[in-house]
Amino acid sequence: MIEEAALSTNDGDTSLQDGSLAKILDFFGVSWCRLAVSALLADNDTRSLPGVRLLCSSDVFSELIANVQQNPSRLQQWRQRVHSVFVYAGDDTGAFARAVKLLGRNGTFNDGESYTGRILIAKDFSEFCGVMAGVSIDGDAVNIGSNFVPTDRNSSNEIMSTKDGTVFWKIEYENVPVFMCGAKSIVDMDCELADGIFDVRNHLVQAVPIVLYIRWAFANTSWVAPEHNACLIIDDPLLKPTYGFVEFRELLFLMRRYKFSTNIAFIPWNWRRSAPQVAQLFRENPDYFSVSVHGCAHTRGEFGDDSSERLYGKTKQALKQMEWHESATGISHDHVMVFPQGVFSEMAMTVLKRTRLIAAVNNDTISSDSIPPSITIADVWDIAIMSYYNFPLFTRRYPWQGIENFAFDSLLGKPVLIVIHHDFCRGHCAQLVDFVEKLNGLARPLSWRSLGEAVRRSCRQQVLSADLVQVEMYASELRLENRLERPRQFLVKKRECDPESIKEVRVRNQQLLWERAGAGIQFALEIGGRESVVIQIRYHRLSDEEAITESLTCRARTMIRRYLCELRDNYLHKLSPSSDGKSR
Ligand SMILES: [Zn+2]
């Protein structure tokens with residue numbers, strides 16, 4: 001399958017925006033070449049293959065179309081060679097207007113730099129829009145670029161529309177679909193995010209149309225996630241019949257009825273305090289309830305430390321307590337760390353990687369170190385952030401960040417992870433159910449799983465040939481499925497800055513041979529038709545001497561803090577009227 005991209009430019013001229021397009025194509029693993037308009041569709045053009053996908057700014061596009069219209073042989077080549085075109089407005093609004101006119105559309109343009117109002121992604125383009133189909137976004141001073149107001153408005157062409165016009169639409173020109181995007185610029189993947197969080201509402205027209213186009217035009221050859229998983233995470237509760245506004249029996253009833261799953265970010269320090277009847281609910285309903293590791297004692301910034309010895313001591317303590325909890329209650333836990341208060345250091349990630357934990361999950365992506373690594377858009381668009389010693393940090397979001405952000409995460413192939421606290425379950429979970437129904441109403445259904453399984457199944461794949469799939473894994477464990485009837489070869493890669501720390505790679509209880517490759521490691525395996533395997537990368541553990549156990553004074557302080565928090569969740573919060581689900 002050939003799905004070649006061509007970045008069309010004015011002769012030899014490369015703009016900043018073309019650079020941004022190139023970075024996005026690279027991110028999705030799309031092969032591309034740069035072609036000048038004069039070379040493109042020329043009689044002696046041997047570089048562009050049939051089925052070429054063109055991406056260009058409107059000034060380049062209007063020159064190309066003028067050229068095509070003046071020359072019948074080029075028109076023929078246009079029809080035969082071009083699969084589709086993605087055009088963005090760029091700085092030259094005049095050129096965008098010219099291009100639109102050349103395509104036979106009439107209308108005016110509004111500059112929508114601070115547009116406030118609803119922006120709707122069409123339901124009717126579900127094949128093109130995927131999970132984003134039908135999503136509406138309440139824009140607040142959003143930069144929407146050029147908003148085209150056609151004289152004869154035909155909403156069947158509109159992919160992203162405002163109340164009076166469209167910012168992304170499709171036109172068929174001489175049998176070739178042309179996607180017109182009003183964006184003046186394209187999102188820059190290298191852009192550093194000051195708060196480490198990508199909010200799609202701030203980059204709506206700069207990001208959504210180009211990603212939708214790439215997902216559609218390169219569906220068979222770009223990196224894609226094989227699954228779209230989801231899990232709700234509630235931080236902190238004790239496993240008692242009622243904790244704050246959480247009633248576990250009621251929650252189970254709602255999960256069954258509204259089809260979702262819940263992971264409890266469980267504080268290991270509480271291991272002795274789970275109620276037998278709640279433990280039973282968890283044991284009997286593993287498809288609905290799961291438990292992850294939420295720090296150790298949940299003291300302030302306990303994983304923001306920079307001492308590997310102290311961090312290892314705390315991690316060991318936490319994992320031991322989770323084991324004791326499992327022995328006492330029969331509830332197995334996911335080997336996933338959720339950082340208390342979202343605080344973590346780079347050293348914490350380094351230490352966690354050398355334990356049996358397979359990943360971390362967090363809202364915040366920037367470490368508490370005095371000089372944390374910068375987090376770019378490319379980092380957060382990735383399935384998991386790999387900037388911390390290549391131990392994966394999966395991102396999660398609060399419901400108030402909007403359904404559009406969860407849908408966009410899913411479009412990128414990230415698992416949809418929602419975080420709330422007990423107070424979001426106020427009023428018998430009315431607002432929670434409302435939110436879950438919106439998520440389950442997205443155009444592409446989500447698979448609700450335990451947090452561990454959502455993480456374990458997160459990867460991206462690229463089909464290299466009919467029998468060979470390239471896979472990038474993130475967590476230290478990967479569940480890999482061959483969905484075909486016949487056996488298939490998988491070439492699995494993982495970014496790894498410290499291959500020396502790898503003890504072994506295992507699958508089906510056997511060691512796999514692996515080798516260093518580029519900035520990581522790789523190995524190959526064959527998986528039978530309709531078979532699924534779990535691949536485990538095991539690291540050399542840190543030595544026990546590196547752990548320092550907590551002093552008695554620390555233990556006393558921990559106990560006081562835990563009881564005060566519970567007092568707050570169970571009594572004080574129940575008296576206060578509002579809930580925003582935010583972290584504490
Ligand atoms: Zn917490």
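Distance alone, capped at 3.5 Å, is enough to place a donor-acceptor pair between the E3 side chain and the T221 backbone. Side-chain N or O atoms of N440 include one that pairs as donor or acceptor with a backbone N or O of K259 at under 3.5 Å. Within the 3.5 Å criterion, the main-chain N or O of V351 finds no donor-acceptor partner in the side chain of T355. Between the side chain of D379 and the backbone N or O of T376, at least one donor-acceptor pair lies under 3.5 Å. Proximity of a side-chain donor or acceptor of Q341 to a complementary backbone N or O of G301 within less than 3.5 Å is detected. Distance alone, capped at 3.5 Å, places no donor-acceptor pair between the N405 side chain and the D409 backbone. Listed for the R479 side chain is no donor-acceptor partner under 3.5 Å among the backbone atoms of E453. The main-chain N or O of R541 is never found under 3.5 Å from a side-chain atom of K503 such that the two would form a donor-acceptor pair. E472 places no side-chain N or O within 3.5 Å of a backbone atom of Q461 that could act as its donor or acceptor partner. Side-chain N or O atoms of D334 include none that pairs as donor or acceptor with a backbone N or O of S292 at under 3.5 Å.
Heavy atoms of other residues, nucleotides or ligands lying less than 6.0 angstrom from NE2 of H540 number more than 12. Counted within 6.0 Å of CZ on R249, heavy atoms from surrounding residues, nucleotides or ligands total 12 or fewer; the atom is thus considered open. More than 12 heavy-atom neighbours from other residues, nucleotides or ligands sit within 6.0 angstrom of CZ on R486.
Centroid-to-centroid, the aromatic rings of W381 and F408 come within less than 6.0 Å. Proximity of the aromatic rings of F435 and Y258 is defined here by a centroid distance below 6.0 angstrom, and this criterion is not met. A distance of 6.0 Å or more separates the ring centres of F28 and W223.
For the atom pair NE2 of H325 and CZ of R273, the computed distance is 11.0 Å after rounding to the nearest 0.5 Å. Rounded to the nearest 0.5 angstrom, C459 SG and F490 CZ are separated by 9.0 Å. In this structure, CG on L239 lies 8.5 Å from CG on N270, to the nearest 0.5 angstrom.
Among all heavy-atom pairs drawn from F424 and I420, the shortest one is CD2-CG2, 3.5 Å. Here the closest heavy-atom approach between residue A297 and residue W269 is recorded as CA-CB, 3.8 Å. Closest heavy-atom contact between P241 and V278: N-CG2, 3.3 Å. Here the closest non-hydrogen pair linking V533 and I527 is CG2-CD1, 3.7 Å. Contact record, F391 with L357: CE1-O, 3.7 Å, taken as the closest heavy-atom pair. Taking both residues in full, the closest heavy atoms of I358 and V455 are given as CD1-CG1, 4.1 Å, listed atom of the first, atom of the second, then distance.
Taking 4.5 Å as the limit, some side-chain heavy atom of I375 sits within range of a side-chain heavy atom of S387. No side-chain heavy atom of F260 sits under 4.5 Å from any side-chain heavy atom of L439. Between M255 and N285 there is no side-chain heavy-atom pair separated by less than 4.5 Å. You'll find the side chain of I137 reaches within 4.5 Å of the side chain of I121, heavy atoms only. Between F198 and V200 there is a side-chain heavy-atom pair separated by less than 4.5 Å. Taking the side chain as every heavy atom from C-beta outward, E496 and I502 approach each other to under 4.5 Å. A heavy-atom distance below 4.5 Å is not found between the side chains of I521 and V492. Residues V211 and L411 meet the side-chain proximity criterion, which asks for heavy atoms closer than 4.5 Å.
A salt bridge is absent between R488 and D467: the closest approach of a Lys/Arg side-chain nitrogen to an acidic carboxylate oxygen does not fall below 4.0 angstrom. Between R516 and E500 a salt bridge is recorded (basic side-chain N to carboxylate O distance below 4.0 Å). A salt bridge links E531 with R508; the closest basic N to acidic carboxylate O contact falls under 4.0 Å.
Qualifying side chain to side chain donor-acceptor pair (under 3.5 Å) partners for E477, counting only residues two or more places apart in sequence or in other chains: R456, Q536. The side chain to side chain donor-acceptor pair (under 3.5 Å) search around E227 returns N229, R449, R457, R483, not counting sequence neighbours. Take D364 and apply the side chain to side chain donor-acceptor pair (under 3.5 Å) test, not counting sequence neighbours, and it matches no residue.
No side-chain donor-acceptor contact under 3.5 Å links D306 and S345. Counted by atom type alone, S367 and D369 present one or more donor-acceptor pairs between their side chains at under 3.5 Å. Between the side chains of E515 and Q522, at least one donor N or O lies within less than 3.5 Å of an accepting N or O. Between the side chains of E504 and Y539, no donor N or O sits under 3.5 Å from an acceptor N or O. Using a 3.5 Å distance cut-off with no hydrogens or angles, the side chains of Y474 and D382 do pair a donor with an acceptor. At a cut-off of 3.5 Å, with distance as the only test, no side-chain donor of D287 or W448 sits close to an acceptor on the other residue. Between the side chains of Y398 and N363, at least one donor-acceptor pair of N or O atoms lies under 3.5 Å. In the model, S447 has no side-chain atom that pairs as donor or acceptor with a side-chain atom of H228 under 3.5 Å.
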### Query
How far apart are the C-alpha atoms of R201 and E404, what are their side-chain angles, what is the distance that settles it, and do they pass the salt bridge (charged side-chain N to carboxylate O under 4.0 Å, His left out) test?
CA-CA 8 Å; R201 294 170 290 199; E404 55 272 29; 3.8 Å; yes
### Message
Please evaluate residues F339 and F344 with respect to the criterion ring-ring contact (aromatic ring centres under 6.0 Å, His included), reporting the C-alpha separation (whole Å), side-chain torsions for both, the decisive distance (0.1 Å), and the verdict.
### Response
CA-CA 7 Å; F339 290 115; F344 69 99; 5.3 Å; yes
### Message
Checking I214 against V30 for the side chain to side chain contact (heavy atoms under 4.5 Å, CB included) test, could you report, in this order, the C-alpha distance in whole Å, the side-chain angles of both residues, the deciding distance, and whether it holds?
### Response
CA-CA 9 Å; I214 290 173; V30 174; 4.2 Å; yes
### Query
Which is it for K414 and S458 under the side chain to side chain donor-acceptor pair (under 3.5 Å) test, yes or no, and what are the steps along the way?
CA-CA 7 Å; K414 294 164 76 75; S458 290; over 6 Å; no
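Taking the six-membered ring where the residue is Trp, H294 and H298 present perpendicular rings, their angle passing 60° and hence far from 30°. Classified by interplanar angle (parallel below 30°, tilted 30° to 60°, perpendicular above 60°), the ring pair F245/H422 is parallel. By the 30° and 60° cut-offs, the orientation of the rings of F282 relative to F289 is parallel.
Because its NZ or CZ atom is both nearer than 6.0 Å to the ring centre of Y389 and within 45° of the ring axis, K353 counts as a cation-pi partner of that residue. The cationic atom of R495 (NZ for Lys, CZ for Arg) does not lie both less than 6.0 Å from the six-membered ring centre of Y388 and within 45° of the ring axis.
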